[in-house]
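Computation of the quantities below employed the complete heavy-atom set of this structure, encompassing side-chain atoms and omitting hydrogens, waters and symmetry-equivalent molecules. Chain naming here is simple, since letters A, B, ... match the order of the sequence lines and numbering starts at 1 in each.
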Protein chains: 2
Amino acid sequence: MILRIYRYKNGLEAFREFLIHNGMRVTPEREAILEEVFAEHEHFDVEGLIMRLRQKGKRSSRASVYRTLALLVESSLVQEVFYKDGHMHYEHIYGHEHHCHLRCLGCNKTIAILDEALADVIEGLGMEYNFEVISGRLEIFGFCPNCRDKNQ
Amino acid sequence: MILRIYRYKNGLEAFREFLIHNGMRVTPEREAILEEVFAEHEHFDVEGLIMRLRQKGKRSSRASVYRTLALLVESSLVQEVFYKDGHMHYEHIYGHEHHCHLRCLGCNKTIAILDEALADVIEGLGMEYNFEVISGRLEIFGFCPNCRDKNQ
DNA sequence: TTTGATATTGAGACTAAATATCATATAAGG
DNA sequence: CCTTATATGATATTTAGTCTCAATATCAAA
Ligand SMILES: [Mn+2]
Ligand SMILES: [Mn+2]
Ligand SMILES: [Zn+2]
Ligand SMILES: [Zn+2]
């Protein structure tokens with residue numbers, strides 16, 4: 001079962017509601033992980049998340065990080081962004097606009113872009129197919145100005 | 001190094017050019033894998049690809065399938081679509097329009113959609129950021145009409 | 001506040017996707 | 001043809017992610 005998130009003011013409240021609504025318990029481990037996930041505003045992976053939790057002395061085992069991250073994805077507070085270097089990368093999305101990633105196939109640089117037109121397309125497709133849209137992600141692959149020149 | 005694919009008539013020719021241009025060899029294994037990848041017009045994963053190659057008596061080891069698939073992704077004939085059930089899923093994209101996937105968070109059903117407006121957004125962002133666009137993918141997550149009703 | 005049913009945690013075992021290794025085979029240019 | 005650098009395939013290895021289960025903590029109901 002999944003929470004409609006747009007009623008809540010912040011991620012912690014939304015997550016609490018999601019847990020309770022689904023008969024799960026609010027634990028310090030889950031709250032610590034959530035907090036750390038929302039403290040990081042860039043893409044992150046599980047190893048990095050675990051490191052940051054350790055550094056800050058927050059408790060939670062590797063297993064709990066994986067388990068909680070799955071809940072955060074299920075509740076649409078977090079989304080998988082891309083799979084790279086043998087593991088998944090994530091970002092928190094609660095309260096953020098749909099946005100787009102431009103990735104260079106040459107140098108692997110990634111730019112995040114907010115685009116009005118993209119939001120419209122997503123909304124339009126949601127309407128057309130009668131979907132209740134929770135999140136969307138667009139990835140564009142190509143060559144950045146630099147790599148484009150090198151490649152002549 | 002990456003090939004500009006739009007000059008070529010078909011995937012096989014484009015792949016040959018990519019290989020030769022990068023000092024690699026055209027082998028029956030690589031051609032068999034390419035052929036099978038382009039014979040499948042739905043999303044596929046590595047296990048399925050290996051099975052279909054075996055069934056058709058085409059040679060190529062598991063290792064070669066992984067290695068060749070990496071080359072096909074590098075040459076932008078194929079793209080990673082999503083990571084699910086513990087492994088990556090792919091689709092061939094050479095000669096196809098940019099398209100969109102609508103995925104239901106309730107029942108996991110995925111619909112592929114061609115959308116004019118999406119192509120425009122991708123092209124527009126390419127122009128704006130001076131990117132040479134090779135491919136793009138949009139994934140929209142939400143609830144399909146069915147699951148939307150069930151969720152009240 | 002205490003209790004008890006039940007969900008959660010954590011350490012480590014386990015699984016399987018993906019990669020690395022390396023001896024053998026083969027493409028392709030001379 | 002040869003030659004040689006590249007590719008293949010069998011299999012060992014790595015490691016992201018999951019599973020297990022005893023110990024612990026939550027939380028609702030006494
Ligand atoms: Mn943020
Ligand atoms: Mn096709
Ligand atoms: Zn670049
Ligand atoms: Zn559905």
Taking atom types as they are modelled, is there a donor-acceptor pair under 3.5 Å from the base of [N] to the side chain of [X]?
| X | N | answer |
| --- | --- | --- |
| Arg59(B) | dT8(D) | no |
| Arg25(B) | dT6(D) | yes |
| Arg67(A) | dG10(C) | yes |

Original post:
Can we call the ring centroids of His43(A) and Phe82(A) under 6.0 Å apart?
Top reply: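 So the answer is yes for these two rings.
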For [N], does OP1 or OP2 lie under 4.0 Å from any side-chain N or O of [X]?
| X | N | answer |
| --- | --- | --- |
| Tyr66(B) | dT19(C) | no |
| Ser64(B) | dG9(D) | yes |
| Thr27(A) | dT9(C) | yes |

**OP:** Identify, between Gly86(B) and Met24(B), the residue whose nearest nucleotide on DNA chain C lies closer to the 5' end.
**Re:** Gly86(B)
Original post:
On DNA chain C, nearest-nucleotide positions of Asp85(B) versus Pro28(B): which is more 5'?
Top reply: Asp85(B)
Subject >> Ionic contact status for Glu35(B) with Lys56(B), cut-off 4.0 Å >> reply: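 No, Lys56(B) and Glu35(B) are not salt-bridged.
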Original post:
What nucleic acid atoms does Arg62(B) come within less than 4.0 Å of, heavy atoms only: base, sugar-phosphate, or nothing?
Top reply: nothing
Original post:
Which whole-number value in Å describes the distance from Glu31(A) CD to dA7(C) C1'?
Top reply: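 In whole Å, dA7(C) C1' lies 16 Å from Glu31(A) CD.
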**OP:** Look at the side chain of Arg30(B) and the backbone N and O of Arg25(B), then say whether any donor-acceptor pair between them is shorter than 3.5 Å.
**Re:**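 Checked: pair present.
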Original post:
Would you find a donor on one side and an acceptor on the other, under 3.5 Å apart, between the side chain of Glu40(B) and the backbone of Glu42(B)?
Top reply: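 Yes; judged by distance alone, with no hydrogens or angles, the pair exists.
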Subject >> Pairwise 5' ranking along DNA chain D for Ile20(A) and Gly23(B), keeping only the more 5' one >> reply: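 Result of the comparison: Gly23(B).
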Original post:
On DNA chain D, nearest-nucleotide positions of Glu29(B) versus Tyr83(B): which is more 5'?
Top reply: Glu29(B)
